[in-house]
Structure formats: C-alpha cells, structure tokens
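The structure under discussion appears below in the form of structure tokens.
Order of listing sets the numbers, starting from 1, for every ligand and every atom in it.
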Amino acid sequence: MKLTQKLSQSKKTLFSIEILPPLKGRSIQSIFDGIDPLMEFNPAFVDVTYHREEYIYKKREGGYLEKVSIRKRPGTVGICAAIMNKYNVEAVPHIICGGFTKEETENALIDLQFLGIDNVLALRGDSIKTEPAFVPEPGGHSYGLDLVKQISEMNQANYLDEEMKNAAPTNFCIGIAGYPEKHFEAPNMISDLKYLKAKVDAGAEYIVTQMFFDNTKYFDFVDLCRKNGITVPIIPGLKILGGKNQITTLPKVFHIDIPQPFYEELEKCKDDKQIKQVGIEWCIQQSKELVKANVPCLHFYTMGASEATKTVAKAVF
Ligand code: FAD
C-alpha cells in the first residue's frame with residue numbers, strides 16, 4: 001500500500017522506523033532482533049537505508065597499495081523483502097543516485113516492483129569518504145530530482161528505451177528527504193526549498209526530514225514549505241541521542257544543532273548511561289509535542305537502539 005494512502009487514512013499520528021542493513025557477514029536475525037521489540041507499536045512502515053561502496057587501501061607483497069572496493073552494508077532490497085514477508089509491514093528501500101547508472105537504477109526499480117514494494121525513498125546519497133564532494137556515476141544522476149523524475153517516468157510506463165512498446169507502468173509512491181536545518185550544501189533555505197519543491201512537482205508524494213532536536217526547526221520548516229507551495233505530508237525524523245560521542249558526531253555528520261537547553265542537560269551527565277536517559281527524556285518531550293501538533297507520523301532513526309526507541313514509543317503512543 002502507498003504510504004500516502006496510509007497517512008491519509010489515519011486520524012492519529014503513526015509510528016515508523018528506519019533501520020540499517022547489518023554489516024556484511026552478520027545475519028538477517030540481527031535485523032529481526034531490532035524490529036521485534038517495536039512491532040507492538042504497529043509501524044506504518046520500515047525504511048531500510050542504502051550504503052554505497054567504500055574504498056580501502058590494502059598492503060600487498062612488495063609494499064604496494066591496492067585500492068579495493070568494499071560494501072560494508074549490502075542487502076537493502078533483500079532485507080525489504082524479508083521484512084515484508086515476516087511482518088507483513090510496508091518496507092521502504094532507500095534508492096540513491098550515487099554509484100548507479102540510470103540503467104542500473106531502472107533494473108533495481110523493476111526488481112522492487114516485482115517484489116511488491118510500493119514505496120521508495122529517493123535520495124542523491126552522500127559522497128564517499130575518499131571524495132571531497134558528491135561525484136555522480138558516469139551515466140547516472142547528479143541530484144535527487146533527476147532520480148524522482150526517472151521513477152515518475154516509469155510510473156507513466158516510460159522506460160529508458162524509448163522504443164519499448166506496451167510497457168507496464170510501475171506504481172511507486174516516492175518519498176524524498178527534507179532538511180529543517182537546511183541541506184549543508186545549499187547556499188540558503190530558500191534555494192534548498194526551491195529544489196525540494198521541484199522534486200514534489202516532479203512526482204514526490206511525501207517528505208521525511210533529517211533528524212532534529214529542536215521542534216521549532218521542524219515547525220518553521222513546515223510553515224516555510226507550505227508558504228512555498230509544498231503541500232505533501234512532512235514526516236518528522238527523530239533520533240534518540242545515545243552516548244557522549246554523539247554530542248559531537250551527530251552535528252558533524254548530519255549538520256544539525258544540539259539546542260542549548262538539551263546540551264546543558266547532557267553536560268551534567270557523568271556517564272553514557274545518564275546521557276542515554278537524558279536523550280530518551282528529550283525525545284519523549286519532542287515526540288509528545290509533535291503528536292499534539294498532529295504530525296502524520298513519528299519516524300525514528302533507530303540506529304540499533306531498539307530498546308530506547310521502545311521506551312520512547314511506550315511513553316508516547
Ligand atoms: P538533493 O535533492 O540532490 O539535494 C542535494 C543538494 O543539492 C541540496 O543542497 C539541494 O539544495 C541541491 N540541489 C538539489 N537539486 C539541485 C539542482 N537541480 N541544481 C542545483 N542544486 C540542487 N544517504 C545515503 O547514502 N543512504 C541512505 O539510505 C540515506 N537515507 C537518508 C534518509 C533521510 C530521511 C535523509 C534526510 C537523508 C538520507 N541520506 C542517505 C543522506 C542524503 O543522501 C544526503 O543528505 C545527500 O547529501 C542529499 O540527498 P538529497 O536527496 O536530499 O539530495
């Protein structure tokens with residue numbers, strides 16, 4: 001079922017989660033172990049992230065270095081199929097531009113359609129560690145917008161081969177990412193919103209936001225989107241801060257702020273256990289306020305922290 005249908009049918013704020021594929025070599029059971037404790041909250045959907053290859057240099061005989069490509073977290077599509085099969089819940093794969101030609105993207109989308117996957121989150125993807133900025137694959141897409149356009153074309157039975165006759169249309173509900181604190185590369189918020197609107201105009205039907213710890217940022221973002229003609233549902237993304245290192249890594253990696261009152265509470269903590277507790281309490285307050293504002297869904301970036309997510313969900317739903 002299309003997520004937009006689910007969202008419009010529900011009068012209450014829904015619950016959803018994002019999970020990461022396990023590291024290569026670990027079993028699918030680690031995914032199920034993370035989802036099982038959260039099934040009692042009836043997730044509207046489970047997002048599964050996509051991770052590109054990385055390059056490492058391996059020392060070979062004679063001292064020369066060999067550049068080797070590795071993918072640490074493969075399996076997004078297989079995990080989506082396994083989740084749908086086991087839990088009968090909508091699984092949403094993240095589809096990225098980086099590392100794919102348009103042809104490969106088309107083939108991946110055909111696989112998804114055959115598997116009965118109705119929703120995809122279309123993203124550009126970040127640059128890989130060895131690149132200073134995002135480099136599109138030759139023959140691939142440069143922006144999320146181009147990917148949204150390709151999926152929309154397939155939804156109208158327009159495949160890359162223009163001579164293809166009587167092709168069946170796909171029927172994907174397309175989600176995209178939004179940034180209440182602005183995407184880090186955008187010169188300003190209005191410019192970022194211009195491209196966000198272009199993606200919606202091209203066929204994106206809902207937005208999932210980057211994590212934020214200050215609800216004002218989300219409310220202001222939604223207001224600004226509405227003023228700029230973006231009318232699709234905007235699902236807030238939430239992360240439960242879970243350790244001292246995250247106080248600095250989350251702002252660095254995700255380009256978001258830790259609000260001062262939250263930071264002051266975190267500073268008082270003596271260890272990670274206390275930080276985790278403060279993180280949970282902060283997220284409960286955030287969630288309660290968002291539910292009160294009647295947001296369509298609370299989307300939790302679980303990042304392996306199922307128990308903390310369960311504690312928050314119990315307090316909120
Ligand atoms: P785009 O929409 O392409 O925007 C990127 C930047 O370019 C923005 O600054 C935008 O303003 C600008 N821009 C857009 N279109 C144009 C244009 N036509 N001309 C000029 N400028 C333009 N990454 C992964 O690798 N795997 C994942 O699974 C993943 N999941 C995510 C889930 C969510 C909910 C979010 C918020 C992010 C996720 N990311 C993931 C990270 C995401 O890929 C990065 O934030 C990436 O840098 C931008 O992706 P985008 O789709 O928003 O890009």
Per the side chain to side chain contact (heavy atoms under 4.5 Å, CB included) rule, which among Val222, Leu121, Leu196 passes with Ile207?
->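 It is Leu196, the one option of Val222, Leu121, Leu196 that forms the side chain to side chain contact (heavy atoms under 4.5 Å, CB included) with Ile207.
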
Just jot down the ring-ring contact (aromatic ring centres under 6.0 Å, His included) partners of Tyr159, sequence neighbours excluded, or say none.
-> none

Does the separation of the ring centres of Phe317 and Phe15 fall below 6.0 angstrom?
-> yes

Write out each pair where an N or O from ligand 1 and one from the protein are under 3.5 Å apart, with the distance.
| residue | atom | partner | partner atom | Å |
| --- | --- | --- | --- | --- |
| ligand 1 | 2 (O) | Lys199 | NZ | 2.6 |
| ligand 1 | 3 (O) | Gly144 | N | 2.8 |
| ligand 1 | 9 (O) | His183 | ND1 | 2.8 |
| ligand 1 | 9 (O) | Ala186 | N | 3.3 |
| ligand 1 | 11 (O) | Asp192 | OD1 | 2.7 |
| ligand 1 | 19 (N) | Tyr195 | OH | 3.4 |
| ligand 1 | 26 (N) | Tyr50 | O | 2.8 |
| ligand 1 | 28 (O) | Tyr50 | N | 2.9 |
| ligand 1 | 28 (O) | His94 | ND1 | 2.8 |
| ligand 1 | 30 (N) | His94 | ND1 | 3.0 |
| ligand 1 | 43 (O) | Gly125 | N | 2.9 |
| ligand 1 | 45 (O) | Tyr179 | OH | 2.7 |
| ligand 1 | 47 (O) | Arg124 | NH2 | 3.0 |
| ligand 1 | 47 (O) | Asp126 | OD1 | 2.7 |
| ligand 1 | 47 (O) | His183 | NE2 | 2.8 |
| ligand 1 | 49 (O) | Tyr179 | OH | 3.4 |
| ligand 1 | 51 (O) | Arg124 | N | 2.8 |
| ligand 1 | 52 (O) | Tyr179 | OH | 2.8 |

Return the set of residues passing salt bridge (Lys or Arg N to Asp or Glu O under 4.0 Å) with Lys2 (not counting sequence neighbours), or none when no residue passes.
->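 Per chain and number, Lys2 pairs via salt bridge (Lys or Arg N to Asp or Glu O under 4.0 Å) with Glu205.
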
State which residues pass side chain to side chain contact (heavy atoms under 4.5 Å, CB included) with Ala108; sequence neighbours excluded, sorted by chain then number.
-> none

State the CD1-CG distance between Ile96 and Leu123, to the nearest 0.5 angstrom.
->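 Taking CD1 in Ile96 and CG in Leu123, the distance rounds to 8.0 Å.
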
